[in-house]
Amino acid sequence: MIDKCPICKGTGKKIVGYESCPECEGTGYIEEFNTKSHFKGVSKKSKYDLDVAEVPCPNCKGSGKIPIYDTCDYCGGSGKIVKCDKCDKYIGKYPQDKNKTLCAKCKKEEEEKKKNLKTVYILDNLCGMNDLEEGKFYKGTVSRTEKYGVFISLNDQTRGLLRAREMVGKRLGDFKIGDEVVVQVSELKPQKREVDFRYIPIANYKIEKLEKSIPLTTIKEITDKGILEMRDEVVHIQGEIIQITQTPGPTIFTITDGTDTAWIAAFEVAGLRTHPEIMVGDIVDVVGTVSIRDGKLQIERIKLVKLEGEKADIVKDKIERELDRKSEPYSDIEFLVDSPILEKLRPKMADVAKRIRRAILDGKPVIIRHHADTDGYCAGVALEKAILPILSEFSIDADAQWHYFRRSPSKAPFYELEDITKDLAFSLEDKLRFGQKMPLVVLADNGSTNEDIPAISQAEAYDIDVVVIDHHYPGEVVDGKVEVDEYVRAHVNPYLVGGDSNLTAGVLATEVARMINKDVTDEIKHLPGIAVVGDHAKGKEVDEYVKIALEDLTECSKKYGSGKEYTRDDLDKIGLCMDFEAFYLRFMNGRGIVEDILGINKKELNRHEKLIDILYNRAMQMVDRQMKAVIPAIKTEELDNGIILNTLDVEKYAHKFTFPAPGKTCGFAHDSIVQKYGEETPIITISYGPDFGVVRATDAVSERFNFNLNIIIEQLIKEIPEASLDGGGHECAGSLKFVEGLREKVLNRFIEIIKEMKYQ
């Protein structure tokens, strides 16, 4: 204890001698003094003479001496000393010895006394069942009472059972919920995760707090050691929350530290959101016990704290570096064919592949939107086959392919407002219900034109990243960029590097898919051949892709199918069957059926061949039926510039709401004219309805007259703004829309432009 110094009485000073008083020179008196200063109020006419008198010196108080002081040795000048708490013996000076409480003798007595006391441990919240030892005493709280015993909680995560027969000097009714009690561990049952206690009354004991420091580890280190081996172990991790799901019981936080992903289960009240301060994207520090759910790692929370400031930045940077490393694509992979255009596009393709891999690692859902035709389906399915294995590898959700991935066809050859509305509705609902992040949208076989901008800009408003893999004419290219590049994160299109539409979306997406997942090559390498044939592409690369497809399908047919030798006509049949099935699938992705039609399931190629025969025969019956009505209604005119112009009113002379749709009907009608005049003849076919037109043209029109449907549509938009015209597509194939009342004006002006075209 701290007390006043008994020597200096708390002054910190002591007298070491005396000297003469300088005021009175050792006499002790002062002979003269001023009456005014010493006797205020005394009359000047007093009969007493007070000007001179002998008065005691005020400095020495009449002694004639004054003391000389020095520092008190006993207290060191502080005026305080330290005494033994037990015997009041002096044990030191203040403040240097202020922490001493007992003298040597009393301290020795206490230590001897403690040697004979039992130790009772108090567990901190990081200690678990594995930190207990049989025979040792622990202090806990009664948390539940039953007929057969009481449950004692040693901390928030560790409790055991004190059975009635193990109570010495106590009865079951003596224990109430909330009572503190000292118990002895009688038996540990790690396999059953049970602890049995014994109650033995002890009067004197010493308390010792059992604190546990958990070293920081990574999720991958936990999984590498084995979840079963690590079960019930207390671990310490730091990471980013990528999803929050509220179950009827605990709140489930999905966390990644860059090395792997795990669940964090936190429970307070059933069905009530735990840690409402924690949001998706937050960096957290977690301590918990290892458990298993659905065969995956789950950590039962002991401590969950949000990190902020510099600490959060350090963890975030570490995660970013690790995820960035793992998301690197196979960008140096050899393309299936030699192509200067593909080589120029390689950096852009690698960028898209990396963004897709990174989205998977970040816990973002991936939505693939593709045109609902053969080329679009080939593109979408190629990406799907590459993404799903990566998703299964890096996600702990057993149903990740359903929760984090969706492929949806688009009827229009562009990302229209109807598409983004559906994607937004589903994504926002998933965010609210399941705590998911907003998705990455991959547009395949659409996304490059200004028609896509309204929908893409709406996606951007909700922080949805959009990447594009397309081969449609994107408009004027300036310094390798087009208008849509202002709204998308990455864009792959042959036009950006001087190419054209003959390298279709199916080709580009397949090569990107191989950058995402190189192991998928054998499964999808035939898709580009189907895509280019279905899209009527031409060129050296096209022929090479067709050759790869024919060799692959022929080899698989001999192994798993009928043993047939595939030809280009077979690829054309597959394309027609895909378009036929797409008409009836509408907005469904057709997973399973589409794979069979496109021959993805190589071991089921026999079923593929049977299915193609069935669908092709049915499709051709419907095409023949449509052509019988259409061909007599085609109006053919040879223009002065040599172009063969064909017009067809599909509203009047074609079957509605059935296959083939107006676009395919125009294609078949155009093909019938081409068969008559030859491929080298400049031929343009226009099929129109009340408020739309579909255009097909031979390559000869483009080569000889520099025909580009997209440029003509831009011209019509400027000349007839009241028609609310839009549309586009490839140079020689596409569509346009307009208001019904101005159909004649739009079509007439369109035909006038064709007539004015001159041979280049």
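Because the structure is predicted, anything quoted here is derived from the model rather than measured. Below, all heavy atoms of this structure are taken into account, side chains as well, without hydrogens, waters or symmetry copies.
- Neither side chain, Glu268 nor Thr274, offers a donor N or O lying under 3.5 Å from an acceptor on the other.
- Between Lys411 and Asp419 no salt bridge is recorded (no basic side-chain N to carboxylate O distance below 4.0 Å).
- Side-chain contact between Arg406 and Ser408 is present, with heavy atoms from C-beta onward closer than 4.5 Å.
- In this structure the side chain of Met279 never reaches within 4.5 angstrom of the side chain of Ile241, judged on heavy atoms.
- Checked against Val352 for a side-chain contact (heavy atoms from CB on, under 4.5 Å), the options Ile516, Val512, Val468 give a single hit: Val512.
- Of the options Met438, Lys437, Gln436, a side-chain contact (heavy atoms from CB on, under 4.5 Å) to Asp430 is made by Gln436 and by none of the others.
- Side-chain atoms of Gln401 and Arg591, non-hydrogen and from C-beta on, do get closer than 4.5 Å to each other.
- At least one side-chain heavy atom of Ile574 sits under 4.5 Å from a side-chain heavy atom of His608.
- Exactly one residue among Asp500, Asn493, Asp445 makes a side-chain hydrogen bond (donor to acceptor under 3.5 Å, both in side chains) with His471. That residue is Asp445.
- More than 12 non-hydrogen atoms from other residues, nucleotides or ligands lie less than 6.0 angstrom from CD of Glu229.
- Distance check: Arg346 CZ to Asp351 CG gives 14.0 Å after rounding to the nearest 0.5 Å.
- Heavy-atom minimum distance, Gly295 versus Ile227: O-CD1, 4.2 Å.
- Put simply, NE2 on His403 and CD on Gln243 are 9.0 Å apart, with the number rounded to the nearest 0.5 Å.
- The 12-atom threshold is not exceeded at OH of Tyr462, counting heavy atoms of other residues, nucleotides or ligands nearer than 6.0 Å.
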Item to check | side-chain contact (heavy atoms from CB on, under 4.5 Å) between Ile222 and Ile237, worked out | outcome: CA-CA 10 Å; Ile222 298 171; Ile237 63 171; 4.1 Å; yes

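- With respect to Leu443, the side-chain contact (heavy atoms from CB on, under 4.5 Å) criterion is satisfied by exactly one of His491, Arg369, His370, His371: Arg369.
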Checklist entry - Can Ile244 and Arg273 be said to form a side-chain contact (heavy atoms from CB on, under 4.5 Å), step by step? => result CA-CA 10 Å; Ile244 303 173; Arg273 170 78 148 83; 3.5 Å; yes

Checklist entry - Would Arg357 and Ile390 satisfy side-chain contact (heavy atoms from CB on, under 4.5 Å), going step by step from the backbone distance to the final call? => result CA-CA 8 Å; Arg357 287 179 62 90; Ile390 304 296; 3.7 Å; yes

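- Contact check for Val287 versus Val234: side-chain heavy atoms found under the 4.5 Å cut-off.
- Rounding to the nearest 0.5 angstrom, the gap separating the CG atom in Leu605 from the OG1 atom in Thr554 is 9.5 Å.
- Annotation: side chain of Ser448 is not in contact with side chain of Val482 (no heavy-atom distance under 4.5 Å).
- Here Lys602 does not pair with Glu523 in a salt bridge; the nearest charged N to carboxylate O distance is not below 4.0 Å.
- We find that Asp465 and Arg355 are not joined by a salt bridge, their nearest charged nitrogen and carboxylate oxygen being 4.0 Å or further apart.
- No hydrogens or angles considered: nothing links the side chains of Asp535 and Thr504 as a donor-acceptor pair under 3.5 Å.
- Gln246 and Thr251 form a side-chain donor-acceptor contact under 3.5 Å, judged by distance and modelled atom types alone.
- A salt bridge does not link Glu322 to Lys318: none of the charged nitrogens lies less than 4.0 Å from a carboxylate oxygen.
- A donor atom on one side chain and an acceptor atom on the other are not found under 3.5 Å apart for Tyr415 and Asp470.
- Ion pair Glu320/Lys316 flagged as a salt bridge, since at least one NZ, NE, NH1 or NH2 atom sits closer than 4.0 Å to an Asp/Glu carboxylate oxygen.
- Considering CG of Leu361 and NZ of Lys326, their distance stands at 6.0 Å, rounded to 0.5 Å.
- Remark: Tyr495 engages Tyr473 in a ring pair (Phe, Tyr, Trp, His ring centres under 6.0 Å) (not counting sequence neighbours).
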Checklist entry - Please walk me through it: do Leu304 and Phe253 pass side-chain contact (heavy atoms from CB on, under 4.5 Å)? => result CA-CA 10 Å; Leu304 176 59; Phe253 299 88; 3.9 Å; yes

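- Taking a cutoff of 4.0 Å between a charged side-chain nitrogen and a carboxylate oxygen, Asp543 and Lys547 do not qualify as a salt bridge.
- Judged purely by atom type and a 3.5 angstrom limit, Asp257 has no side-chain atom pairing as donor or acceptor with the backbone of Gly239.
- Here the straight-line distance linking atom CG of Leu553 with atom OG of Ser557 works out to 8.5 Å at 0.5 Å rounding.
- The number of heavy atoms from other shown groups lying within 6.0 Å of CD (Glu310) does not exceed 12.
- Asn601 and Asp596 are linked by a side-chain donor-acceptor pair at a separation below 3.5 angstrom, with hydrogens and angles left out of the test.
- For Asp124, the CG atom sits in a packed shell: over 12 heavy atoms of surrounding residues, nucleotides or ligands are nearer than 6.0 Å.
- More than 12 non-hydrogen atoms from other residues, nucleotides or ligands lie less than 6.0 angstrom from NZ of Lys422.
- Heavy-atom contacts from other residues, nucleotides or ligands closer than 6.0 Å to CD of Glu328 number more than 12.
- In this structure, the side chains of Gln298 and Ile252 come closer than 4.5 Å at one or more pairs of heavy atoms.
- Residue Lys220 places its NZ atom among 12 or fewer non-hydrogen atoms of other residues, nucleotides or ligands, all under 6.0 Å distant.
- For the pairing with Arg301, the side-chain contact (heavy atoms from CB on, under 4.5 Å) check across Val284, Ile264, Asp156, Thr289 returns one residue only, Ile264.
- Taking CD1 from Ile597 and CZ from Arg607, the interatomic distance works out to 11.5 Å, rounded to the nearest 0.5 Å.
- Side-chain contact between Met349 and Phe335 is present, with at least one heavy-atom pair separated by less than 4.5 Å.
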